[in-house]
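Let me begin by presenting the structure, written as structure tokens, before commenting on it.
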Amino acid sequence: MEVKCPICTKPVVWSPQSEYRPFCSKKCQLIDLGEWAGEDRKIAGKPAQDATPQAMDIEEIEAMLAQQPNDFFKH
Ligand SMILES: [Zn+2]
């Protein structure tokens, strides 16, 4: 029985000898793990990076809105 490596689609023999099945090699297994880790880092990192500019933007917007007449929202 053969399966395709999810990373490079190379045929992998499904047997106890294929230590990294369904991956063809340790490299592809690590790529798969790395993609997961990469996603985690993106999800965890992005809000943290954006937090400061966003907080500043909100403060600026609030300052601007404070100067706007109240009928700004009555549309
Ligand atoms: Zn592979």
Side-chain angles (χ1 to χ4, degrees):
M1 185 190 160
E2 277 188 353
V3 295
K4 279 182 178 173
C5 171
I7 301 301
C8 66
T9 69
K10 213 164 91 176
V12 183
V13 180
W14 192 273
S15 76
Q17 280 81 19
S18 300
E19 196 185 335
Y20 303 109
R21 66 187 187 275
F23 307 101
C24 67
S25 64
K26 190 176 185 178
K27 192 183 134 195
C28 281
Q29 190 186 39
L30 288 175
I31 289 167
D32 189 68
L33 291 170
E35 280 178 9
W36 277 103
E39 288 299 308
D40 284 350
R41 255 180 263 126
K42 265 183 238 162
I43 291 159
K46 223 178 180 182
Q49 283 176 348
D50 290 346
T52 308
Q54 268 177 6
M56 284 175 71
D57 285 349
I58 288 162
E59 276 176 27
E60 277 177 31
I61 289 162
E62 279 176 352
M64 270 173 62
L65 290 176
Q67 291 166 9
Q68 296 284 339
N70 284 337
D71 65 0
F72 181 76
F73 288 112
K74 290 176 190 169
H75 286 289

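For ligands, and for the atoms within them, numbers begin at 1 and follow the listed sequence. In this text the structure is predicted, and so the values were computed from the model without any measurement.
Residues meeting the side-chain hydrogen bond (donor to acceptor under 3.5 Å, both in side chains) test with Glu19, sequence neighbours left out: none.
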N/O donor to acceptor pairs below 3.5 angstrom from side-chain atoms of residues 20-28, sequence neighbours left out:
residue: Arg21; atom: NH1; partner: Ser15; partner atom: O; Å: 2.9
residue: Arg21; atom: NH1; partner: Ser18; partner atom: O; Å: 3.1
residue: Ser25; atom: OG; partner: Lys27; partner atom: N; Å: 3.4
residue: Ser25; atom: OG; partner: Cys28; partner atom: N; Å: 3.3

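Cluster partners of Trp14, by chain and number: Met1, Val3, Val12. The rule joins Ile, Leu, Val, Met, Phe, Trp and Tyr whenever side-chain heavy atoms lie under 4.5 Å apart.
Around the Zn ion (ligand 1), protein N, O or S atoms at less than 2.8 Å comprise Cys5 SG, Cys8 SG, Cys24 SG, Cys28 SG.
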